[in-house]
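First up is the structure itself, then whatever we jot down about it.
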Amino acid sequence: MPTGTLLLIDDETSLRQMLARVLELEDYTVLQAPDARRGLELLRQHAEDVLVVLSDVKLPDGYGLDLLPRYKQVAPLAEVILMTAYGTIPDGVRAMKEGAFDYLTKGDSDDQLLVVVDRAAEKARLQRRVADLEKKVGAQYSFDSMIGRSQALLQARKLAERAAPTDSTVLLEGPTGAGKELFAQAIHQASPRRSKPFVAVNCSAFPKDLLESELFGYKKGAFTGALTDKKGLLEEANGGTLFLDEIGELELNVQAKFLRVLETQQFTKLGDTKPTSVNVRIVAATNRNLRQEAEAGHFRPDLYYRLAVFTVPVPGLNERREDVPLLAEYFLQFFAGKLRRRLRGLEPEVLEQLRRHDWRGNVRELKNVLERAAILADGDTLTTDDLPAEFHYLPAAPTTDEASDNSLRTLEKRQIRQVLHDTGGNKMEAARQLGIGTKTLYRKIQEYGL
């Protein structure tokens, strides 16, 4: 099997053919060109395949060092090796600075040439694998990967897409489990910072006395146990995006320090006297109403207004119920692949129950329900028996007349129905919560047709 494709550009026909033969004996496929014009033509035609370009420095229609940027522009993932009969140190230094993999003198041993070519080809292969991985990650976290066609989702996505190419701070507002981190990832992937780090931190996941050191880092000796310098998450995200989930959990003293980051892109580490500069974009998320928190004195108003430069409301699942079937099918197939099972779909009754469920845990809850159901399913189609107990006692949707009826009988019926739903059909627990006997509850269930 060939080990890859090389492009050899040299105007000395005999030398070019000899080098090509040596490389072909090592199972490389070698494309040959006598000058820069033909070499660039071949490179454009085979840019996806060429791993290494071996180019003479002195060509009839160009100088190798000047051609180097053009080679890299046509095939940015390929490595370039320059060859010359009379190498000089200044030329060699310039070649390496401008991105050449190596600078060789003609007449060196074939073994040395092969070693350099093999190393250059391996680096090019690694760069291709990294690029492929970045494409997959970008596709996974892109706006196009968001599942749903509801108006609420499309409106939130449209706003986020407008903000993504900018460097503006974005505040994502929405209930827990609605997918705010997915929005943050999509904003990062659609921004010029996509090739730089995306660092996510859940502010509620750290003890309050540790969050400051995690965010800003510290110097050796800043406190007991600080045995070495530590980079904070802000430095880890330098050049990229820092996603702060549940930012409402920040302590007021940390909020003041973070406000300075937003205003100056600088902060001072614990135990340090000099400021540290970073270039980082902030995307924050909260399930609270930060405006109300600020008015109540629980969150700094100046930080809130600095964060809310661009606000995106991320809808909960109850606001986009028409997306439930699409999400359910997606999660079913995802877990079927993970469990190596063949699951064709969901029964209509299952979809109906999923549509009517009160999704307090939002998309995260739906995902958990589908994972459990995929594990329990006996056949190749999910049935109502595969759903958790609370789905077996879904309250019937009230009729139009019932919804407007506030009589004591109707209110009692609604309350019993809701408590049965909340307790997953556990009648003893429902009776306890309602403050009535179990026999009375059974009689009411029969009376109201529940």
* Does a side-chain heavy-atom distance below 4.5 Å link Val201 with Glu214? -> no
* Asked: Would a 4.5 Å heavy-atom cut-off, applied to side chains only, mark Thr169 and Arg281 as touching?
  -> no
* State plainly whether the residues Glu249 and Arg288 are in salt-bridge range, i.e. N to O under 4.0 Å. => yes
* Can you tell me if Glu236 uses its side chain to pair, donor with acceptor, with the backbone of Leu215 under 3.5 Å? -> no
* Atom of Gly148, atom of Leu154 and distance for their closest heavy-atom approach -> O-CD2, 4.4 Å
* Supply the atom-to-atom distance Leu250 CG to Ile247 CD1, rounded to the nearest 0.5 angstrom. => 5.0 Å
* Asked: Under the side chain to side chain contact (heavy atoms under 4.5 Å, CB included) criterion, do Leu370 and Leu346 qualify, and how do the steps go?
  -> CA-CA 10 Å; Leu370 266 296; Leu346 304 90; 4.1 Å; yes
* To do: Please lay out, stage by stage, how Phe267 and Val278 fare under the test side chain to side chain contact (heavy atoms under 4.5 Å, CB included).
  => CA-CA 8 Å; Phe267 62 93; Val278 289; 3.7 Å; yes
* Considering all heavy atoms of both residues, which atom of Thr381 and which atom of Arg344 are nearest to each other, and what is their separation? -> OG1-NH2, 3.6 Å
* Could Glu235 and Lys269 be called an ion pair, given the rule that one side-chain N must be under 4.0 Å from one carboxylate O? -> yes
* To do: Give a yes or no answer on whether the side chain of Gln255 reaches the backbone of Arg300 with a donor-acceptor pair at less than 3.5 Å.
  => yes
* To do: May I ask you to say whether Glu365 pairs ionically with Arg360, meaning some side-chain N is under 4.0 Å from a carboxylate O?
  => no
* To do: Establish, from distance only, whether the side-chain atoms of Tyr330 and Asp323 form a donor-acceptor pair under 3.5 Å.
  => no
* If you measure from the Lys or Arg side-chain nitrogens to the Asp or Glu carboxylate oxygens, is any gap between Glu352 and Arg355 under 4.0 Å? -> yes
* **Between CD1 on residue Ile282 and CD on residue Gln265, distance to nearest 0.5 Å** => 7.0 Å
* So, are Lys220 and Asp229 salt-bridged, with charged N and O less than 4.0 Å apart? -> no
* Could you tell me whether the side chain of Arg128 and the main chain of Leu77 form a donor-acceptor pair under 3.5 Å? => yes
* **Ser142 side chain to Asp144 side chain, donor-acceptor N/O pair below 3.5 angstrom** => no
* Asked: Ion pair present between Glu429 and Arg432, side-chain N to carboxylate O less than 4.0 angstrom?
  -> yes
* Asked: Would you call Arg193-Asp167 a salt bridge at under 4.0 Å N-O?
  -> yes
* Asked: Going from CZ on Phe223 to OH on Tyr218, what distance comes out if it is rounded to the nearest 0.5 angstrom?
  -> 4.5 Å
* **Ile416 backbone acceptor or donor facing Lys444 side chain under 3.5 Å** => no
* For Gln266 and Ser277, test the side chains for any donor-to-acceptor distance below 3.5 angstrom and give the result as yes or no. => yes
* Say whether Ser55 and Tyr71, considering side chains only, have a donor N or O and an acceptor N or O under 3.5 Å apart. => yes
* Asked: Is the closest side-chain heavy-atom distance between Leu244 and Leu242 below 4.5 Å?
  -> yes
* Asked: Can you name the nearest heavy-atom pair linking Leu259 to Leu303, along with the distance?
  -> CD1-CA, 3.9 Å
* To do: In sequence, state the C-alpha distance, the side-chain angles, and the governing distance for Leu354 and His357, and then conclude on side chain to side chain contact (heavy atoms under 4.5 Å, CB included).
  => CA-CA 5 Å; Leu354 293 177; His357 183 65; 5.7 Å; no
* Asked: Do the non-hydrogen side-chain atoms of Val170 and Leu172 ever get within less than 4.5 Å of each other?
  -> yes
* Has the side chain of Arg341 got a donor or acceptor atom that lies under 3.5 Å from a matching backbone atom of Ala374? -> yes
* Asked: Does a side-chain N-to-carboxylate-O contact under 4.0 Å join Lys123 and Asp118?
  -> no
* Asked: Is the backbone N or O of Gly316 less than 3.5 Å from a side-chain atom of Glu319, with the two atoms forming a donor-acceptor pair by type?
  -> yes
* Thr264 side chain vs Arg260 backbone, donor-acceptor pair below 3.5 Å -> yes
* More than 12 foreign heavy atoms under 6.0 Å from CZ of Arg162: is that the case here? -> no
* Taking all atoms of both residues into account, what is the closest heavy-atom pair of Arg306 and Leu262, and its distance? -> NH2-O, 2.9 Å
* Does NZ or CZ of Lys257 come closer than 6.0 Å to the centre of the six-membered ring of Phe216, within 45° of the ring's axis? -> yes
* To do: Begin from the C-alpha positions of Val80 and Leu82 and carry the test side chain to side chain contact (heavy atoms under 4.5 Å, CB included) through to its verdict.
  => CA-CA 6 Å; Val80 180; Leu82 294 178; 4.1 Å; yes
* To do: Could you tell me whether a side-chain N or O of Asn238 sits under 3.5 Å from a main-chain N or O of Asn279, the two making a donor and an acceptor?
  => yes
* Are any non-hydrogen side-chain atoms of Val52 and Tyr28 less than 4.5 angstrom apart? -> no
* Asked: Measuring from Leu54:CG to Ile81:CD1, what's the distance to the nearest 0.5 Å?
  -> 4.5 Å
* Just jot down the side-chain contact (heavy atoms from CB on, under 4.5 Å) partners of Ile375, sequence neighbours excluded, or say none. => Leu339, Glu371
* Asked: Short question: side chain of Asp380, backbone of Arg342 - any donor-acceptor pair under 3.5 Å?
  -> no
* To do: In plain terms, say whether Glu122 and Arg125 are close enough for a salt bridge, that is, a side-chain N and a carboxylate O under 4.0 Å apart.
  => yes
* Asked: Between Ala156 and Val312, what is the shortest heavy-atom contact and its length?
  -> O-CG1, 3.6 Å
* To do: Decide yes or no for Leu31 and His46: does some side-chain heavy atom of the first lie under 4.5 Å from some side-chain heavy atom of the second?
  => yes
* To do: Rounded to the nearest 0.5 Å, what's the gap from CD on Gln185 to OG1 on Thr241? Could you check?
  => 9.0 Å
* Find the distance between CD (Gln433) and CG (Leu441) and round it off to the nearest 0.5 Å. => 11.0 Å
* Does Glu212 reach the side chain of Leu270, with side-chain heavy atoms less than 4.5 Å apart? -> yes
* If the plane angle is over 60° it's perpendicular, under 30° parallel, otherwise tilted; pick one for Phe243 and Phe198. => parallel
* Counting only N and O atoms by type, is there a donor-acceptor contact under 3.5 Å from the side chain of Asn362 to the main-chain atoms of Leu317? -> yes
* Asked: Which pair of heavy atoms, one from Glu79 and one from Ala120, lies closest together, and at what distance?
  -> CG-O, 3.5 Å
* Asked: More than 12 heavy atoms of other residues, nucleotides or ligands under 6.0 Å from CD of Glu322: is that the case?
  -> yes
* Asked: So do Val363 and Arg320 actually touch side chain to side chain, heavy atoms under 4.5 Å?
  -> yes
